[in-house]
Every structure is written in C-alpha cells, then in structure tokens.
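Here is how names work: the chains are called A, B, and so on, in the same order as the sequence lines, proteins then strands, and each is numbered from 1. Heavy-atom basis, side chains included; hydrogens, waters and symmetry copies ignored.
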Amino acid sequence: MRQTTIQLGEEVEVRFVGALTMNDQAAFRTMLADVSQRKPRHCAFDLRELESIDSAGIGMLLIAFSVAKNSNYSFSVDHPTGHVRRVLELADLSKIITIRM
Amino acid sequence: MGWQTGNHGAATPGVDASPEAESAVGALHDCSILIVDASRLARNQIRVAFEKAGFSNIDTAVDGLQALSKVALLCPDLVILGLHMPEMDGFEVCRQLRAAPQTARLPILVHSSVENPTDIVAVFAVGASDLLRTPVHIPELLARTRAHLEHWRVEQRLVAYRSRVARELAAVRRLQAGIVPSEPDLHALAASTGLLLRGTVEPSSEIGGDIWGINRIDERRVSVFTADIAGHGIVSAINAFRVHTLVITGDFDPLDPATALANINQILCRTLELGEFATFIVGTLDLLTHEFIYATAGAPPPIIGHFTKREARLCEARGLPVGVSAAATYENRYTQLLPNEFLLLYSDALTDAPDGAGKPTGWDGLRQIVADVPRHADPAVTLDRLWMQLRGGIPSPPPDDLTIAVLGRPARKESAS
C-alpha cells in the first residue's frame, strides 16, 4: 500500500495508490492513528489511483469508518474507479460509508 | 593445556572460583552438563567448579567416542568440549553433533589453548557455540555457561511451543475438514441428484476462514452456501465454526435466502469484533423448475457456464457482508440453472489471483476463463478441465483462503426409442 496524507485545514485526505490488501494492515493502522491524532472534521480516502482491494481492504475501510464515528469526525471514500468501484458496489458499502464519485 | 590457579578450592589449573562465579548460574541448576576432556584432572576441576556453583547434573566423557555416546544417552543441555582427545578429537565430535538434527543447536563450549587465528576460526567452523581459552577463568566459564544455557532454555521452550501449536493447528484443520463436504459426501449427493459436483476449501495457512456446504432439502431442491470469513488464521477459523453452526442449526426457509442472511447477520453483528465480517452466498436450486434463488452478502457474483457452448455469464450480486451492520437487508435474486449448465461459486482468492499481466483476474476475467475452457462431449471431462484451469493458476497453499464450488447439470441423455 502506498498512501499520502494531506491536511487542508480541518480536512484530512489520504490518497491511496496501488492495492489495499491483507499485507497492508499494519501500515493502515499506523496511518489511521496519525489521522485521528490530527483531530480532523472530515477524513476522505481518495481511491482514484487504487487498482485493487481485497476483503481485508474492505475490512480496513470499515474500521476507518468506525474509528471516525467514535472520534466524531465524518468519513468518506472518494472516487473509487474500475474494479475497486465494483467491489465496493458488490459489498453495498454505500449503505454504511459515504462514497463520493 | 594449562589451567589458571584460582583463589578458592583445591589447586585448579585454569580454575578460579570466586563467590561471584558461584552465584552466577543459580537459576539453571537443574540443567545437565557433559564435560569432555582427555585429562581427568581437567574434567574433575571443571566438575568441581560447576558443583560449587550449584549444578548437580554433571557427567563426563574421556574421549570423543564416549562423548557422542553420552550425548545420545543423556541429552545434556550443554557440552564442555576439549579438542585433543584419543579415539576422536573435539573437532570431529563437534562436526557429528552438528550434523544430527537433535544436536544441531546444542550449546558446545570448546575449551582450548588455541591462539592461532586460523585454529580459532576452525573451532567455530566445525560448529562450536563458544571458545574458552585456557587457562580457563572460572567466573568466565560460569558466565558463558549461564548465557548459553539461558539461550538454550528459551530456544527449547520455543521449539516445544511451536510443536504444540502445530499439533493443535493440525487438529483444528481436521475439524475444519469435517465441516465441509467430503468427496464421498459429494459423490453420494451427485448420485442421488444427477448433479456433477466439485468443491474445495483450502486455507492460506494451517487453518482458515472459508467454508462451504451443500445439502439436499427434498426430492427437487438442493441448497448451497459459501462463506468467506474475513482474515486468516485462528480467529477466522473460530468464526468459520460459528457461521457453520448458524447455517446448519438455523431454521431457515430455503426459498427465502435473503431472510436467512438477515438472521445470520443479526447474530454475527452481536458476536463479531470490529473489522470482522463474512461474505456469503446462500441459494437453493430447484431441479424441476431450474430456478436458482439466492442472496449474496458481499460475495463475488456467481458465474453460470454452459457445458457445450463456450459461454459464461455473471449473475447479479450485491449485499453488505454479514457482521457489519445490524440494519442490513438482503434481496432474493432469481436466475435459472438449466440442464447443460453449471454454476460456479468462489471466494475472492480466485478473482484476486493475478492474470498474465500481473493484474487481478477480476470477475470479467474469471468469466472469460470459464467461457474459454475447451468443452468435451462428456460434461464431467469439461468440469475437470474447468477445475484444472481454475485451481492450476493458484499456488499451494494459496495466498488467501480459497473456496471453489461447482454444481453442474449435465443434460439428460435421450433414451433410445
């Protein structure tokens, strides 16, 4: 997993590149802890450059959503494309997580 | 060889027993030590030094051959090994001990007067754990002995722990194998239904979180499910057992798989931890009407292929994985599985597998693979080819828990009039 965290005022954006899979769980937890420490008003995961995601990746998005909820900031998944978008649709994640195209 | 005369005890060439040395190894007194040296005086003096320090399990050997014999018999925790001995020298003893699996890691402390760097290298080259230069200083002997024994004990505990864990994982794996259809189960069901059936669950490690099942409900209906519990290893395996219990004990209407998923979801939302969930498909095939009613919870779309035509289609699939939200609802979906068609259910390990370009195969890629499998007049052969194509592209063990299940409906043969 390659990701870049950008803070713009009270908004934090994390841009993912490549794949989000079971091998990325440790790095994901570290990134999430960093986001929470910034105490944003909103956190967006930008997935436009994410090419693949497995079930572990779905689990990570759900954890990020829960952490945001418990930390009182809003959370969205932005611009999923291609196969990643289809996986999120298959899992009906928009019923839980705000997905912005 | 020379031994340093110490401040305490009898004249002990190379032995210096101080109070500090005597207390240095207090916690390891029950370890067994084998002292190997051609010199009786050296053997006795080292033995006395260890006994004064509290060690009670000491044995000796006078030459290399006796050393190997005693190691095999006594299984010591540490060997103090002289080099120059009759019958077999210390170098050869070391080589042989290192060559045997049971003594490959045994601490061997060589004591010698070697000074030449080449000789010192030779001592370690044959596998010695440490080198005590003579005249030996007792505090140093005891300190090094303690260090090696502590390390040895930790290592032995780790080996024992790993061995126990491996046995327990193997037992769990056998239990897991018992909750998915076996080859005899599938043969019996195939014989009674006329279906062609294949199925496998392969964990990515010793145990995994994938399960599947198939069951004949009545004369005309067969129900099937696959579940992929997120994650790997012990937690996923435990949750897989939970899910299996829910499926087989739940009083679900086979014609309403959406409600079955909703009920399973409610239970799992109460029992699973954050980040734990399962993707699911459950469905019922009516052999008379050819209808397949199913519901999915995050599972990849089923694929229906044809036994004689090179075609395959993706079925609809959409639903929140179970265990995520108690408010989730699911939808019954309908398709047909006609004679001469087969239904492929699978976990995402199949579609995450890389294609020729190194990208994930994906559902469209998998559908194309299914469509492209060369057909044979015998549908069982076509199924074998499909199986080889699907399974062949994934290493063993697979990088992710893998489930593949195929239900085939060979066309009825026309009876001669």
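When each of A:Ile63, A:Leu61, A:Ile53, A:Leu90 is scored by its heavy-atom pairs under 4.5 Å with chain B, the top score falls to A:Leu90. Chain A forms the most heavy-atom pairs under 4.5 Å with one residue out of B:Ala299, B:Ala297, B:Ala327, and that residue is B:Ala299. Options B:Ala349, B:Ala317, B:Ala230, B:Gly362 differ in how many heavy-atom pairs under 4.5 Å they form with chain A, and the most are formed by B:Ala317.
Applying the side chain to side chain contact (heavy atoms under 4.5 Å, CB included) rule to A:Ala68 yields the partners A:Tyr73, A:Phe75; only residues at least two apart in sequence or on another chain are considered. Take A:Thr4 and apply the side chain to side chain donor-acceptor pair (under 3.5 Å) test, not counting sequence neighbours, and it matches no residue. Applying the side chain to side chain contact (heavy atoms under 4.5 Å, CB included) criterion to B:Leu175, with sequence neighbours excluded, gives B:Phe241.
The environment of A:Arg38 atom CZ is dense: over 12 non-hydrogen atoms of other residues, nucleotides or ligands sit within 6.0 angstrom. Counting heavy-atom neighbours within 6.0 Å of B:Ile234 CD1, excluding the residue itself, gives a total of 12 or less.
Both the backbone and the side chain of B:Pro321 come within contact range of chain A, each with at least one heavy atom under 4.5 Å from a heavy atom of that chain. For B:Ala328, no part sits under 4.5 Å from any heavy atom of chain A, backbone or side chain. For A:Ile96, the part lying near chain B is the side chain, with the backbone staying farther off; criterion is any non-hydrogen pair under 4.5 Å.
Between the CG atom of B:Leu320 and the CD1 atom of A:Ile97 there is a distance of 9.0 Å, given to the nearest 0.5 Å.
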Between chain A and chain B, which N or O donor and acceptor atoms come closer than 3.5 Å?
residue, atom, partner, partner atom, Å
A:Glu51, OE1, B:Lys359, NZ, 3.4
A:Ser55, N, B:Asp348, OD2, 3.3
A:Arg86, NH1, B:Asp364, OD2, 2.8
A:Leu90, O, B:Gly319, N, 2.9
A:Asp92, OD1, B:Arg318, NE, 2.6
A:Asp92, OD1, B:Arg318, NH2, 3.2

